[in-house]
Amino acid sequence: MTPDELPHLRRCVELAAEALADGDEPFGSVLVAADGTVLAEDRNRVAGGDHTRHPEFELARWSAANLTPEQRAAATVFTSGEHCPMCAAAHGWVGLGRIVYVTSSEQLLGWLCELGVPPPPVRALPIREVVPGLAVRGPIPELADQVRELHRRFHRRKSHTEADSVLG
Ligand code: ZN
């Protein structure tokens, strides 16, 4: 990672915080061209019930609609949490380039376990097991605590909401 890449990762964490503030799981991603231009960004939008609305999936589809194969291959996706297998596959199918993530799926699973949250229904394979040969960088320890705190807040609030509804 180069120093000019850290702001993109900070933006991913901001987008994850925006998602959390809007009732979504805290994940955010930014698509950056080879020259450093931010092309697109998104954050998790699964609160409405469609659990495929991950930001990395949206960026893969955006890139397929808006970029040439050469532009996609030269682009980098920055993201607050490592791609899940669905998003890694989408990334690989559209031929996007490098991925830089703040925290790994392995870290996230460990935190969910500590919080007593059941594991997700889809196995958290590392990106490289889904897309062999892709350039992947992460985790980025400088920002990991911020991402961890967002997930802690999301699941703590969720368990409170569930407890509230049980209590009527
Ligand atoms: Zn995903």
Side-chain angles (χ1 to χ4, degrees), residues 1 5 8-33 38-67 72-73 75-115 117-140 143-155 157-158:
M1 195 183 64
E5 293 185 323
H8 296 312
L9 291 170
R10 290 193 194 285
R11 179 61 186 150
C12 292
V13 177
E14 272 179 24
L15 288 162
E18 272 179 32
L20 179 69
D22 206 26
D24 269 291
E25 294 175 19
F27 293 97
S29 311
V30 178
L31 176 65
V32 178
V38 175
L39 297 169
E41 56 179 39
D42 204 1
R43 48 83 165 177
N44 191 282
R45 298 179 191 278
V46 304
D50 179 353
H51 285 266
T52 67
R53 299 287 307 275
H54 296 184
E56 304 95 326
F57 198 8
E58 300 290 338
L59 293 182
R61 301 178 86 177
W62 184 92
S63 75
N66 293 284
L67 301 179
R72 291 198 292 276
T76 300
V77 172
F78 295 86
T79 189
S80 63
E82 182 176 5
H83 288 44
C84 75
M86 172 184 74
C87 295
H91 184 105
W93 279 121
V94 302
L96 276 165
R98 202 162 64 105
I99 292 174
V100 184
Y101 61 79
V102 177
T103 57
S104 68
S105 298
E106 190 183 355
Q107 285 176 305
L108 178 62
L109 285 180
W111 300 337
L112 296 183
C113 185
E114 283 171 22
L115 292 165
V117 177
V122 175
R123 201 169 144 207
L125 299 172
I127 293 168
R128 282 197 193 90
E129 281 194 34
V130 182
V131 190
L134 189 69
V136 180
R137 177 77 194 269
I140 308 297
L143 298 175
D145 284 349
Q146 291 179 41
V147 173
R148 181 181 189 164
E149 175 59 18
L150 292 175
H151 284 285
R152 198 183 63 78
R153 282 167 48 198
F154 176 77
H155 289 288
R157 188 172 65 190
K158 204 169 132 192

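Ligands are counted one by one from 1 in listed order, and the atoms in each one are counted from 1 as well. Note that the numbering runs from 1 along the sequence shown for the chain. Given the structure is predicted, the values throughout are model-derived calculations rather than measurements.
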Charged N-O contact under 4.0 Å between Asp22 and Arg43 = yes
Inspect the contact between Arg128 and Glu82 and indicate whether a charged nitrogen and a carboxylate oxygen are less than 4.0 angstrom apart.
-> no
Note, Pro85 side chain near Val122 side chain (heavy atom, < 4.5 Å) | yes
Hey, is CD on Glu106 packed in by over 12 heavy atoms from elsewhere, all under 6.0 Å?
-> no
Which atoms of the protein, restricted to N, O or S, are nearer than 2.8 Å to the Zn ion (ligand 1)?
-> His54 ND1, Cys84 SG, Cys87 SG
For the residue pair His83 and His91, categorise the inter-ring angle as parallel (less than 30°), tilted (30 to 60°) or perpendicular (more than 60°).
-> perpendicular
Does the pair Arg123/Glu129 count as a salt bridge with the N-to-O cut at 4.0 Å?
-> no
